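Each chain gets a letter, A, B and so on, in the order the sequences are listed, and its residues count up from 1. This one's a predicted model, so the numbers in the text were calculated from it and none came from an experiment.
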Amino acid sequence: MIRVEDLHRHFGGFRAVDGASLSIESGSITGLIGPNGAGKSTLFNVIAGVLPPTSGRVFMDGQDITGLPPHELFHRGLLRTFQLAHEFASMTVRENLMMVPGGQTGETIWSTWLQRARIEREEAELHKKADEVLDFLTIRHLAHEKAGNLSGGQKKLLELGRTMMVDAKVVFLDEVGAGVNRTLLGTIGDAIVRLNRERGYTFCVIEHDMDFIAKLCNPVIVMATGQVLAEGAADEIMQNEAVIEAYLGTGLKNKIKAEAEA
Amino acid sequence: EEIKLGTSLGFTGPLESMAPAMQAGAELAAKEISDSGLLLDGSTVTLVKGDSTCADAAAATATVERLITAEKVRGIVGGMCSGETIASLENVAVPNGIVMISPSATSPALSEIEDNGLFFRTSPSDARQGEVMANIIMDKGIQNVAVTYTNNDYGKGLAESFQAAFEEKGGTVTVNSAHEDGKADYSAEVAALAAAGGDALVVAGYVDQGGSGVVRAALDTGAFDTFVFPDGMVGQALVDNFGTEIDGSFGQNPAAEGEGRDTYVAMATEAGFDGTGAFSAEAYDAAALMLLAMAAAGSSDPGSYKDKIMDIANEPGEKILPGELAKGLEIINGGGDIDYVGATSVELVGAGESAGVYREVAFNGGALEVVGYR
Amino acid sequence: MDILNAVVAILNFVVIPAAAYGAQLALGALGVTLIYGILRFSNFAHGDTMAFGTAVTILATWGLQALGISLGPLPTALLALPVGIAATAAMVLATDRTVYRFYRAQKAKPIILVMASVGVMFLMNGFTRLLIGVDEQRFADGARFIMDVRSFRELTGLKEGLAFKTTQGLTIVIAVIVVWALFWFLNRTKSGKAMRAYSDNEDLALLSGIDPEKVVRMTWIIAAALATIAGTLYGLDKAFKPFNYFQILLPIFAAAIVGGLGNPVGAIAGGFLVAFSEVAVTYPWLKIAGYLFPDWQPGGLLQLLGTEYKFAVSFVILIVVLLFRPTGLFRGKSV
Amino acid sequence: MSDSHYLSATGMRGGYGKADILDNCTLTVDKGQIAVIVGPNGAGKSTAMKAVFGMLHLRQGRVTLDGEDITALSPQDRVKKGMGFVPQVNNVFPSMSVEENLEMGAFIRENDIRTTMEQVFDLFPVLKDKRRQPAGELSGGQRQQVAVGRALMTQPRLLMLDEPTAGVSPIVMDELFDRIIEIARSGISILMVEQNARQALEIADIGYVLVQGANRYTDTGQALLADPEVRRTFLGG
Amino acid sequence: MSTNRQAASASIWRAPVLFAILAALFVLEGTVRNGMFSGSWNTSLAILNMGLISAITALGVNMQWGYAGLFNVGVVGFLALGGLAPVLISTQPVEGAWEAGGPRLLIALAAAVGTLALAAQVRKRLPKWRGLAVTAVLIGGFIIYRWLFDPAATAIEANNPARHGNIGGLGLPVLLSWAVGGVFAAAAAWAVGKVALGLRSDYLAIATLGIGEIIVAVLKNEDWLARGVKNVTTIPRPVPFEIQLQRNPEFLELANSWGMAASTASGIWVKLCYMLLFLVVLLSIILLAELALKSPWGRMMRAIRDNETAAEAMGKDVTARHLQVFILGSAVIGIAGAMMITLDGLMAPVGYNPLRYTFLIWVMVIVGGSGNNWGAVLGAVLIWFLWIKAEIWGPELIALLTSPMPDGNLKAHLLASAAHMRFIAMGLVLLLVLRFAPRGLVPEK
Ligand SMILES: Nc1ncnc2c1ncn2[C@@H]1O[C@H](COP(=O)(O)OP(=O)(O)OP(=O)(O)O)[C@@H](O)[C@H]1O
Ligand SMILES: Nc1ncnc2c1ncn2[C@@H]1O[C@H](COP(=O)(O)OP(=O)(O)OP(=O)(O)O)[C@@H](O)[C@H]1O
Ligand SMILES: CC(C)C[C@H](N)C(=O)O
Ligand SMILES: [Mg+2]
Ligand SMILES: [Mg+2]
């Protein structure tokens, strides 16, 4: 589905992404993990057209999509969420969702003068759809709230909700879990699986919560210092010495125990 | 009767420092006539002030609209700058049949405007000044000059008419370029003028605007040391600003020979303002003309007194100087004829504009000297 | 070929005037950029703050002159500056208290503050005119020239003259000192860093124990000082006329923005860029060509564009710069 | 009434506009203790933290620190009283370098800050490499580390952290919790909000479960972890 | 917090009440005569007419800023460009101008456009040496353009320079020129937008400010176009001249039956005609704008204004939308510019100063409530009213303030400076409105 070939993205002299090559199989839920500053978000941003690459190519379904602007990628079915929530702060939560689908009749200015009836029909449908998504995210009661007033986690949910408004092909999720209540995160995980199975979405998920990754993702790609460090099934990865060394650590429990013993 | 006259002058805006002396001039005339008690059986005259802003035609139009339709003025002394004058004349004064006498709008365009005989000015058209200036320069034996003008209808009209006249006489204008008023810096303009060169620099600008800025920069860099100053520049302010630095420069402005002007300046000093201020005397004359014409017509109706203005201003008749307005009124009331000379040797020609007698001035020893009249 | 005369001509008509003008713009732009950087709005009242500060300085200068105090070859106005700065600081602090503080507390959008500053601009504009009138005021005294055209010609025997005014020299020297001091203050002192922190993230500054009102006060005081200094130097070099100080606002903003809003280095660079592009791009090369190639008789002035378009040209340059560096030469902020 | 707890915020009621977010919410921490707040998104956890720090108008309730009533104090004054706070979002100075961010944390301190800074760099080694880089250019997790580092620089008596581990990698999270324990051992009180609730409750002396602005459960961390109801509804099973 | 208070009090009655107050002001101005008001319908209507034009301008700015967050400070330029339309479309042709250099001029302009198009193509197509090639094309084009253009312009300007010296108009109806004014401004906005819309907030501001200055500079200095600073004064009117009415016996009778002097009645009649025309334009623009705003298009624009990155990620072509709304807004400003010149009957480029035609318009938009069309209209008419009235109210205010003072130098000085109270009064009003309605009089919902 997505293939990244020898991708570089440098900031001044700093190589945030430094020759990463990877591919995301169609129909998979691929996990992307790695230490802070490994270049995961930067990689996302390059794929999603927010940042131009320094060098390297990105392909989607065999077509070169390097450097295409984000709005075109959206119309090709590539959606993404942001690590720091990017809500439309002065719009209501429901409007945040209703604006998402592309090609709405009412988005052409002439139509707003000439095709009112049609627009109203479409709006009614969008409204229904948005409410379904809100129900799913447990924030229906906030439909009229300004998105800027949401709590940190609620913004994250809204971020995810937007990707559910359209039929996407591949969705990039940048730490949807950070700041989200774990019980709800479980539900979100279920939803991801369902979207994957029922609607055939491909997912690429950045997340630091290893339980979540382990439950959901296959395969898991590990990045470190701008390159791919390892790739494989979740349980393999968790055993990988290099990954433990760079990313997972030996675990908190051991330490507490050690201290108690001392 | 209480006769109201409006003044439409730029109290705020780019020429705000010129306006007060003009207003004072008009007030002086109005007061003189009021005090005499001789106008239309002891009518009093009050002036209603209007701010034309000089630059904003819409604001000026609104002001004149108010003066005419709300204050019910019987005539207007103004506008001040040509563009704004044209707008308010065409849009308000003419439709309402109100007389406007401008002391200072000098654009040649105003000579030909369709005014139903309602517009006059006590200053001459710049077309004339260009010729006079060309003659003066030629007489000094200067053949090459650079010209800088303030970029409005006044500056450009004057610069063009000067260039035409000067070249016809065989002179060369090395460069004729505009400067904008109120800019922060005139180095670029002076650099260009200096590069073009010339034996003198003609500054067709305003003394308290870009004109002085250009002169300042030209003096500082040594680009020119002889300047030619037309009416927008000649004034006490110029001497105050530059003192002996402009020794050897010269110029001209509309102002007639004779005691009229001196008397006026003395009267102004007594009244507590500077009568030498640019167009202050013209404003006095504009107001006086208008009121004397009312007396002659026996009515303050603009429709009837507009026809008297030319009679009052020109020969034949007894000459009337500033301070002698009462005498003028007496003569008129007695059925006599007057020739209003006023502070600027008023002589209206053509469609009612000053014929244009200019005094030639020279700057020496840090003072302005009048050397002759043309 | 006469290279010396050509060089002197360029120095005299382009380099020196543009450098002095650039320094004046830079000082003004520093004030604008500081307010933008820390209080996060474009302060349209800055030009009139400059006018106000200068007006007070002029009044104080006259007072000193009346007392017979002078600074020898330097303008007396330098002695009067502290008075002007103090009055202006009091003035802007009062405005802050009555006007801006309210919007800060409201966390109003920057545009609201901009509009409020337009209101303040009108007010100050009127007050300054009430204070000192609308006429041009001259208050420069002391020696006018460090080097004047005539002495230069006598000294060197060159045909071209070179003038360097005391005020130009002063402007450049003071600009350098002020800029250095401001840098030192912002980057090295605790208060300076607190100001930068406040400008970055107001709430977090609060959590770090920084007193926001103190930062705001300090910003205004520095801005008032910069405005008064800039205004006075400009007035000394050119002339003081309240209306001109509104007009100078445009190039000042251009300088601040092209340099990168909120960035002091940018303000300086911007000031010089604007000044030099105004003067240099419209410079006619006729005279220089005359010195370099005495036999060549070109038809025109060898001028790229007439001076009528100097403002336009400088803006074109600014726009081109911004196209390549969308937040100014030195990566400014944008709210 | 003097309070035996080091920090005690009792009966807090208040919000942003008309509607109250906090509903009679009470939080206390003792000296050297770690208190952890958990709860669903939008429960009012961050709001409660802001209220304790004086960034929110309280209609009811009072806050005391070390027995002293600080309900009316401004946030800066609370900083001077020894409170430090890491907000959930916007918690760095983006255009200032990492080092300057840390210096700002120590703004109110008069003594030498170099050793503290070294300690922070020891804790988050990556920050040392990036000390001259503007914080705005850091990755999400690195930023979070700067934010915590800044609060540590204050050397507070009470440290309040709003989701300090959001977005940091497991290895850093372990380090961070580790360090938090250490800090608490040295007598500093910790009040933190966490969504990595299980790890957090493990080290918590006291845990609060907040739902719709009200205290739902209050118990020791271990006890809450052991409660199946709590686990299922709030800790993700 | 008090924004909340304001939001709460912003009932549905707010706008109607404010409009009613505004209307009352105009009625007072028309009927009551005292120190504050003139009691003349002519004055009242004259202010209203200019206010309506300002309202249309403000609507244009509001589209750009209020809907899309584009900071256009080049309003004066687009207004001026719109004002060019009546001159070029509806003044009478100038004898001899076209023969002097018309065709050559057109060829020159075509060459200029061609050069730019070629440069753009070269830039797009050429893989290597792009910068150099583009520069070469531009320089070459410039030389050719000047070679074609200069003689033509000189010839046209030499054609009876005292009266004309310009290319002249087409003699078409002046109402048509309003639409053309919109097109002129839209075309310029397209070009500007293509280049500058990548810039943000204040950086865009300085770019547009510069472009405004450039447009005005061109109008001032290119005499062949519209006589430059020498002004064009013969703009035809869409309504009768007062003089015509005064000579029309039927009208005189009508005036008599109203009990009005012919001059007063004719003035009012003409202004009412203008008012009607302006209202039609204003209301049509508002109708179209409201329809667009209250539909997904408006929602999309708000999303873009809120967060461009996210909108882009959600498939909205931010650049294209910005360009669209920039062009639309500029077109509206251009229409207003053409209307203004028609009302003034005069094209005087010197008058186009940014204080009056850019910043005052901005004040109108913000005071009215950015993002809200009715707010923009209310703000525009109100601020214009105050701007005009400040001329009288300012001095009145100072007279009032100084009345308790003893006579003396200070009082005399203050009274003499009363004209400057215009600024002070304006500033005070602005600050007071912003203080008590920080989000504008009729805030965006
Ligand atoms: N605009 C920028 N300028 C300079 N350096 C940058 C910029 N953006 C990111 N970096 C650097 O690039 C590196 C990778 O950042 P990135 O955001 O991709 O990390 P990440 O893998 O997403 O980490 P995290 O898990 O913490 O979100 C970091 O070290 C960061 O400092
Ligand atoms: N500035 C604000 N204005 C109005 N309402 C707000 C504001 N900030 C938060 N809220 C509302 O207050 C409620 C509580 O928000 P808070 O941020 O305290 O939640 P939280 O428990 O921290 O959630 P999370 O775990 O998602 O961070 C939410 O419903 C939110 O919509
Ligand atoms: C006040 C004057 C200098 C005005 C000038 N003569 C003009 O016509 O615009
Ligand atoms: Mg990341
Ligand atoms: Mg929270």
Review point. Do the side-chain N and O atoms of D:Asn196 and A:Arg182 include a donor-acceptor pair separated by under 3.5 angstrom?
Key: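 Side chains of D:Asn196 and A:Arg182: pair found under 3.5 Å.
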
Checking heavy atoms, do the side chain of [X], its backbone, both or neither come under 4.5 Å from chain A?
{"X": "D:Gln133", "answer": "neither"}
{"X": "D:Gln88", "answer": "side chain"}
{"X": "D:Lys130", "answer": "side chain"}

Exercise for review: State the CG-CD distance between A:Asp209 and D:Gln199, to the nearest 0.5 angstrom.
Suggested key: 7.5 Å

Review point. Can you tell me how far the OG1 atom of A:Thr183 sits from the CD atom of D:Gln195, to the nearest 0.5 Å?
Key: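 Those atoms lie 9.0 Å apart.
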
May I ask you to check whether over 12 heavy atoms, not counting those of [X], lie within 6.0 Å of atom [atom1]?
{"X": "D:Arg216", "atom1": "CZ", "answer": "no"}
{"X": "D:Gln119", "atom1": "CD", "answer": "yes"}
{"X": "A:His144", "atom1": "NE2", "answer": "no"}
{"X": "D:Arg131", "atom1": "CZ", "answer": "yes"}
{"X": "D:Glu118", "atom1": "CD", "answer": "yes"}
{"X": "A:Lys129", "atom1": "NZ", "answer": "yes"}

Ignoring hydrogens and angles, tell me if any N or O in the side chain of [X] forms a donor-acceptor pair with the backbone of [Y] under 3.5 Å.
{"X": "A:Asn181", "Y": "D:Asn41", "value": "no"}
{"X": "D:Ser169", "Y": "A:Pro35", "value": "no"}
{"X": "A:His208", "Y": "D:Gly167", "value": "yes"}

For [X], is it the side chain, the backbone, both, or neither that has a heavy atom closer than 4.5 Å to a heavy atom of chain D?
{"X": "A:Leu184", "answer": "side chain"}
{"X": "A:Glu145", "answer": "neither"}
{"X": "A:Ile139", "answer": "neither"}
{"X": "A:Asn149", "answer": "neither"}
{"X": "A:Phe11", "answer": "neither"}
{"X": "A:Ala246", "answer": "backbone"}

Check your understanding: Of all of A:Val180, A:Thr187, A:Leu185, which one pairs up most often with chain D through heavy atoms under 4.5 Å apart?
Key -> A:Val180

Exercise for review: Dump the intermediate steps for side-chain contact (heavy atoms from CB on, under 4.5 Å) on D:Val172 and A:Asn36, then the final yes or no.
Suggested key: CA-CA 9 Å; D:Val172 179; A:Asn36 294 128; 4.0 Å; yes

Practice item. Identify the two heavy atoms, one from D:Ala166 and one from A:Gly179, that lie closest to each other, and give their separation to 0.1 Å. Key: CB-N, 4.3 Å

